[in-house]
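Note that the coordinates shown come from a computational prediction; the quantities given were computed from them, not determined experimentally. We use all heavy atoms of the structure for the numbers below, so side chains are in, but hydrogens, waters and symmetry mates are not.
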Amino acid sequence: MVNLVVTYTSRLTLMGLLLLGVTVYAQEPSEETRSRSSIIDDSTKQIYGPTTSQFFLEDDLFRNKWVSYPIDTVIRNFHFFSFEQRGQNLYQDLGNIGTAIRPVYEYVPDVIGASSGFNAYNLYWNSLPHQFFNTRSPYTNLNVILGGKGRSLTNIIYSRNINPRWNIGFHYNGIFIDKQIQRQGKGDRNARAESYGLFTSYHNKDSSYTALVRFKRMYHRVFEYGGVRVADQTGLFDIDRGYVGIRTTLPTSVLFSDLFEDNAQPWLTQAQSNDLRRNYHLYHQYKVGEALQVYHRLDGDRQQNRFEGNFRSEPFGSTFFDAVVIDSALIRDQTKFNTLRNEAGIKGNLLKLFYNGYVAFRNYNMDYKYFLSDGFYRKTRGTEFYVGGRMELQLDSLIQVRGHLESMLDARYRLSGSIDTKWFSAYLKRSVSSPSFLQQAYRGSHDIWMNYFSPVESSEVGGNLVYNSDWLKVYPGVRLSTFRNLVFFKKGNYSIDQTVLPIQSTGFQTVASPELALHVRPFKNTWLTTRTIYTRVLENADNALQIPELLVNAQLSYANIWFGGNFDFHVGVDLHWKSSYHAYGYDPAIQQFYTQQQYKSPSFPMIDVFLSAKIIRGRILLKYNNIAAAFSKHAQVPTPFYPGVVNVFDFGFDWSFYD
């Protein structure tokens with residue numbers, strides 16, 4: 001595994017040498033000082049470390065908050081390295097890191113115009129680094145996870161200043177996850193993704209002009225296996241009701257234990273999904289005065305999605321795939337979606353009020369591989385026009401109010417607002433958005449449809465109270481969501497070969513989710529942290545939403561610093577549990593989760609034991625996943641027929657260099 005890390009790290013050597021060559025003189029002391037932060041100890045020699053290498057965010061700069069943050073060296077929850085755990089277990093994947101993933105709860109969309117509809121790998125794309133740096137010395141961070149059963153992650157960031165006003169850097173992110181079903185040996189991948197990016201920031205001497213530039217690219221591949229196949233059973237099993245009938249399609253009636261048999265067999269052996277994305281981003285602004293700045297923001301995005309395979313080499317392909325639309329041995333389904341958005345506007349501060357107004361043009365183009373122009377009604381390219389504005393009111397150090405409105409000057413718009421105080425916080429969101437291209441029209445090897453869907457209406461309001469004391473923190477809250485004309489994929493009998501199709505709900509979906517978060521310190525240096533979400537679906541036309549009634553996260557931990565401040569550690573136990581529910585199924589041919597009423601994912605407690613520690617400038621983690629599986633040989637089943645990882649041991653480290 002170490003050789004694997006070295007191999008991928010070495011691919012960056014040339015890029016690193018080029019940057020070093022360009023910036024060989026960059027870190028010499030200068031009389032100029034950077035306005036964002038003061039990072040030199042003039043009374044002694046320069047000391048390089050987490051406080052001398054800092055990062056800042058574009059959103060802060062946009063809101064005229066010149067704030068820098070020290071490099072993260074915190075060990076609390078450092079062991080949360082999987083994407084699901086980073087998201088507080090509020091996601092559903094296919095049981096393995098790097099596979100398709102979706103939120104457990106439905107949310108108001110951020111995009112109201114054209115979109116591709118291929119969202120199964122959005123979380124991995126959105127998790128790529130987005131910081132910009134200001135370093136007094138060359139900064140390098142190496143983060144490596146060497147997980148059990150061939151699960152590894154590699155993250156590298158390098159940044160350095162050319163001079164006090166100009167910084168450059170790059171990042172590399174690798175996901176290398178072996179199969180958990182019928183793994184043939186080390187390197188037999190279930191998921192493999194490699195991403196990289198280049199970034200730079202610049203401002204002139206008086207900071208009247210600032211520019212941020214970023215390029216990033218991700219190539220994410222998943223070697224699909226279609227879930228566990230149980231060939232000798234044809235009934236249907238419900239975790240609550242037991243055996244409930246006979247299926248005439250896939251022989252997918254399984255007992256819970258069947259999914260974790262040593263000889264569990266996959267449905268597919270040759271299929272592969274991939275998602276290739278690229279983004280180039282520019283933000284720059286000119287400061288006329290505190291009350292007025294002009295800015296321009298540009299984003300160019302490209303997304304290419306493919307599903308590939310060899311239909312004739314799949315012994316169970318004719319059973320797994322419900323229809324054949326394009327009769328070909330080789331499956332080469334593909335779509336390409338390109339957008340270019342230009343936003344320009346003004347902003348500034350008037351006393352305690354930040355204001356912003358803008359206009360934006362967004363060009364889009366959707367390319368279907370198998371749709372011909374004749375007979376295809378949907379417009380696949382065009383230009384969208386947006387107008388909008390943002391505001392932020394800082395009444396005092398305890399109360400902040402924010403708002404954002406964006407409209408396409410037709411029925412489509414999005415609105416959001418929030419208030420944060422010492423005692424409570426609240427927010428609201430509403431949007432009217434276009435259904436995605438995939439939902440409205442598609443033709444591939446096993447799927448075809450054309451729809452005339454109306455815009456989707458989504459609303460959400462929520463908030464929580466805040467109580468803090470030395471030993472107790474309490475955050476009771478609630479979230480209310482409503483949807484109308486919701487578009488979703490559903491498995492059912494449509495009197496045709498296809499069984500999974502997009503449909504638009506004819507009614508409303510209304511969801512109430514009260515929750516309670518607690519942080520209790522029963523003893524010195526000991527914390528009990530819990531978050532419990534109870535969900536009641538008040539209205540659910542067409543059974544469009546499938547949400548667990550209860551979701552619980554809990555952690556009991558002890559943290560302290562020993563040996564004269566040289567050993568900072570955090571040790572404890574994590575618990576995650578969801579009540580049984582009809583979790584979304586997954587169709588790899590279209591990279592979509594769909595609603596189904598045949599199988600309930602059972603409730604199963606995921607219990608992990610961990611130790612995180614910081615020694616000098618390095619952090620390490622030791623983690624034993626799913627200790628319950630050591631006795632039951634079971635794990636969670638987040639998606640029907642996709643078993644989760646059983647008990648494994650993980651090791652990881654994070655090391656930063658400042659010279």
For this session: Would you kindly say whether Asn190 and Arg151 are connected by a side-chain donor-acceptor distance under 3.5 Å?
Result: no

For this session: Indicate the atoms forming the closest heavy-atom contact of Pro640 with Gln596, along with that distance.
Result: CG-NE2, 3.6 Å

For this session: Evaluate the ring planes of Phe437 and Tyr368, with Trp represented by its six-membered ring, and classify them as parallel (under 30°), tilted (30 to 60°) or perpendicular (over 60°).
Result: perpendicular

Seminar exercise, completed: Applying side chain to side chain donor-acceptor pair (under 3.5 Å) to Asn647 and not counting sequence neighbours gives Tyr624

Problem set entry | Residue pair Gln334 / Glu308, side-chain donor-acceptor N/O under 3.5 Å | no

Problem set entry | Side chain to side chain, Asn89 and Phe80, heavy atoms closer than 4.5 Å | no

Exercise. Distance only, no hydrogens: is a donor on one side chain within 3.5 Å (strictly under) of an acceptor on the other, for Asn77 and Gln555?
Worked result: yes

Exercise. With a 4.5 Å heavy-atom cut-off, do Ser656 and Thr73 have their side chains touching?
Worked result: no

For this session: Please work out whether the ring planes of His446 and Phe311 are parallel, tilted or perpendicular, with thresholds of 30° and 60°.
Result: tilted

Exercise. Under 4.5 Å between any side-chain heavy atoms of Lys179 and Tyr225, yes or no?
Worked result: no

For this session: Check the side chains of Asn263 and Gln265 for a donor-acceptor pair under 3.5 angstrom, ignoring hydrogens and angles.
Result: yes

For this session: Would you mind reporting whether Ile97 and Leu153 have side-chain heavy atoms less than 4.5 Å apart?
Result: yes

Exercise. Do Phe593 and Thr639 have side-chain heavy atoms sitting under 4.5 Å apart?
Worked result: yes

For this session: Name the orientation class of the two ring planes belonging to Phe610 and His79 (parallel below 30°, tilted from 30 to 60°, perpendicular beyond 60°).
Result: parallel

For this session: Test side chain to side chain contact (heavy atoms under 4.5 Å, CB included) on Phe649 and Leu622 and set out the steps.
Result: CA-CA 8 Å; Phe649 179 78; Leu622 302 172; 3.8 Å; yes

Problem set entry | Donor-acceptor side-chain pairing of Ser445 and Asp333 below 3.5 angstrom | yes

Problem set entry | Considering all heavy atoms, the nearest Pro266-Arg229 contact | O-NE, 3.5 Å

Exercise. Are any of the side-chain heavy atoms of Val511 and Thr535 separated by less than 4.5 Å?
Worked result: yes

Problem set entry | Criterion side-chain hydrogen bond (donor to acceptor under 3.5 Å, both in side chains) on Ser603 and Ser580, from CA distance to verdict | CA-CA 5 Å; Ser603 59; Ser580 64; 5.2 Å; no

Exercise. Does the side chain of Ser579 come under 3.5 Å of the side chain of Glu549 through a donor N or O and an acceptor N or O?
Worked result: no

Seminar exercise, completed: For Asp542 and Lys490, the nearest pair of non-hydrogen atoms, with its separation, is O-NZ, 3.3 Å

Problem set entry | Aromatic ring pairing Trp655/Phe657, orientation class (parallel under 30°, perpendicular over 60°, tilted between) | tilted

Exercise. Taking atom types as modelled and ignoring hydrogens, do the side chains of Gln591 and Asn305 form a donor-acceptor contact shorter than 3.5 angstrom?
Worked result: yes

Exercise. Parallel, tilted or perpendicular for Phe489 and Trp449, by the 30°/60° rule?
Worked result: perpendicular

For this session: Give a yes or no on whether Asp327 atom CG has more than 12 heavy-atom contacts from other residues, nucleotides or ligands under 6.0 Å away.
Result: no

Problem set entry | Side chains of Val144 and Phe651 in contact at under 4.5 Å (non-hydrogen atoms) | no

For this session: Applying side chain to side chain contact (heavy atoms under 4.5 Å, CB included), run through Tyr219 and Glu194 and close with a yes or a no.
Result: CA-CA 6 Å; Tyr219 184 39; Glu194 293 183 86; 5.7 Å; no

Problem set entry | Side chain proximity check, Val648 to Asn626, heavy atoms < 4.5 angstrom | no

Problem set entry | Carboxylate-amine/guanidinium proximity below 4.0 Å for Lys623 and Asp650 | no

Exercise. Can Asn173 and His171 be said to form a side chain to side chain contact (heavy atoms under 4.5 Å, CB included), step by step?
Worked result: CA-CA 7 Å; Asn173 307 88; His171 66 82; 2.8 Å; yes

For this session: Report, as yes or no, whether the 6.0 Å neighbourhood of atom CZ on Arg312 holds more than 12 heavy atoms from other residues, nucleotides or ligands.
Result: no

For this session: Report the C-alpha distance between Ile448 and Tyr370 in whole Å, list the side-chain angles of each, state the deciding distance to 0.1 Å, and finish with yes or no for side chain to side chain contact (heavy atoms under 4.5 Å, CB included).
Result: CA-CA 10 Å; Ile448 185 171; Tyr370 291 118; over 6 Å; no

Problem set entry | Listed partners of Glu314 passing side chain to side chain donor-acceptor pair (under 3.5 Å), at least two apart | Thr269

Problem set entry | Where Thr99 and Ala191 come nearest, the two heavy atoms and their spacing | N-CB, 4.5 Å

Problem set entry | Parallel, tilted or perpendicular, as decided by the 30° and 60° cut-offs, for the rings of Tyr124 and Phe83 | perpendicular

Problem set entry | Tyr280 ring center near Phe215 ring center (under 6.0 Å) | no

For this session: Give me the ring orientation class for Tyr586 and Tyr642: parallel if the planes are under 30° apart, tilted from 30 to 60°, perpendicular past 60°.
Result: perpendicular

